[in-house]
2 protein chains.
Amino acid sequence: MALDHAILVSLLEQPGSGYELARRFERSIGYFWTATHQQIYRVLARMERDGLLAVRAVPQQGRPDKKEYSVAAPGRAALARWLHEPVEPESLRHDLAVKIRGAAFDDPAALIGEVERHRQVHSDRLAHYLAGEHRDFTGPDAPAPLDAGQELQHAVLRGGIAYERMTVAWLDDVLATLRRIGGPSAPDA
Amino acid sequence: MALDHAILVSLLEQPGSGYELARRFERSIGYFWTATHQQIYRVLARMERDGLLAVRAVPQQGRPDKKEYSVAAPGRAALARWLHEPVEPESLRHDLAVKIRGAAFDDPAALIGEVERHRQVHSDRLAHYLAGEHRDFTGPDAPAPLDAGQELQHAVLRGGIAYERMTVAWLDDVLATLRRIGGPSAPDA
DNA sequence: CTTGTCTATGCAACGAGTTGCATAGCAGGA
DNA sequence: TCCTGCTATGCAACTCGTTGCATAGACAAG
């Protein structure tokens, strides 16, 4: 299970509370691994119980205390072990592709709005990634010689950028196809 | 839940047994939605119980009977309803990206073999998709004017091709990065 | 002064997905 | 002959992931 390992990596990059992790999972890490706060709290509790993580209660003024988690030695070892194991190349779960094939049995033109909406989301994500890349890696405020960790984060971000660019281009292709067949051919049903 | 709908689409394209569906999910449909035979049998049983599918026992010589499922009217209606609902743009679950970021806390060079293995898998899938595209859509044996369903299947396949091409290129980028930082910089641990 | 939002954590229930195992006949190779 | 593998279906147990709800103090807007 990779959620454990995603949390370990994130805590090694920067210790933090469950709440903070949940927000990171909405941002950088979450681009490649999503998780809700419930999942995160449950996994943190389990990993702490198993001695992979250390907790420290941090009092805050005007707020409930937060539990700051950091990676203990056994957690680091568990991550290292996982890094040396092969993982399965992932398979996609692409609802929209199912819908596109399904549109043949309904009205293809009715899907245009939905595809446009997805295109917008991916286009926004792309802009967001590009802004992050400029801020952290390629812009004037970026650290001059990147260390290994930053190089790797940048490489992963380039993957996200390539993915979103590819997706936007593909959805444009799909839209053109839907408009082409929406005209001449009648819906199948 | 999209497994139901993926099954409906697949059965509309071609009725078949659970076993046949499981094999389709290893091929075309499975490129965008994976499922094991257990999942498929369970969902087929539920959908039949709910009247979305019709079953027909087909005797076979030298083999156990197979249950051929096809989509009943309520199933078609359920699919149509889903097609008109918005779905969430999916988020990735990319183990390898987690590993790449995690490599900063281990030996980056140790990840090269793993990344090469993934590159090979994606490169094979790409070749496989391209062969399928030539066979079904662009080659001399393809149907001359494609109908709407075929146009849409082709559009989805083009998405798979674009995805695999993008992934192979990105993994090359990652490999170059790993080799670059593997030399000068020492492992963090 | 009440309502809503943000930080911060968590329980309980459910549904989705995975893994291991079982059955059963037939075909082909060592 | 025995072992492996393929077609064909399914149960049981488990883990993973999602959804709804709850608590609780601080702060801002209406």
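Atom set for the values below is all heavy atoms of this structure, side chains included, hydrogens, waters and symmetry mates excluded. Treat the numbers as computed from the prediction; the structure is a model and nothing was measured. In what follows, every chain begins at residue 1, and chains take the letters A, B, ... in the order their sequences are listed.
- Under the 3.5 Å distance criterion, with hydrogens and angles disregarded, no donor-acceptor pair is assigned to the side chains of T167(B) and R125(B).
- Within 4.0 Å of Q38(B), counting heavy atoms only, lies at least one base atom of the nucleic acid.
- Nucleotides of DNA chain C nearest to K67(A) and R42(A) differ in position, and the one nearer the 5' end is that of K67(A).
- Distances shorter than 4.0 Å separate none of the side-chain N or O atoms of S17(B) from OP1 or OP2 on dT7(D).
- Note on Y19(B): every side-chain N or O is 4.0 Å or more away from OP1 and OP2 of dT9(D).
- For the pair L178(B) and L152(A), the minimum side-chain heavy-atom distance is below 4.5 Å.
- Residue Y41(B) has a polar side-chain atom (N or O) positioned under 4.0 Å from OP1 or OP2 of dT9(D).
- OP1 or OP2 of dC16(D) has not a single side-chain nitrogen or oxygen of R93(B) nearer than 4.0 Å.
- Of the N and O atoms on the side chains of H84(A) and D106(B), at least one donor lies less than 3.5 Å from an acceptor on the other residue.
- Relative ring orientation between H94(A) and W170(A) is described as perpendicular, the plane-to-plane angle rising above 60° on a 0-90° scale split at 30° and 60°.
- Across the protein-nucleic acid pair, H5(B) atom NE2 and dA16(C) atom C1' stand 14 Å apart, rounded to whole Å.
- Taking atom CD of residue E26(A) and atom P of nucleotide dT7(C), one finds them 10 Å apart after rounding to whole Å.
- As judged by a 4.0 angstrom heavy-atom cut-off over every strand, R46(B) is placed among residues making no nucleic acid contact.
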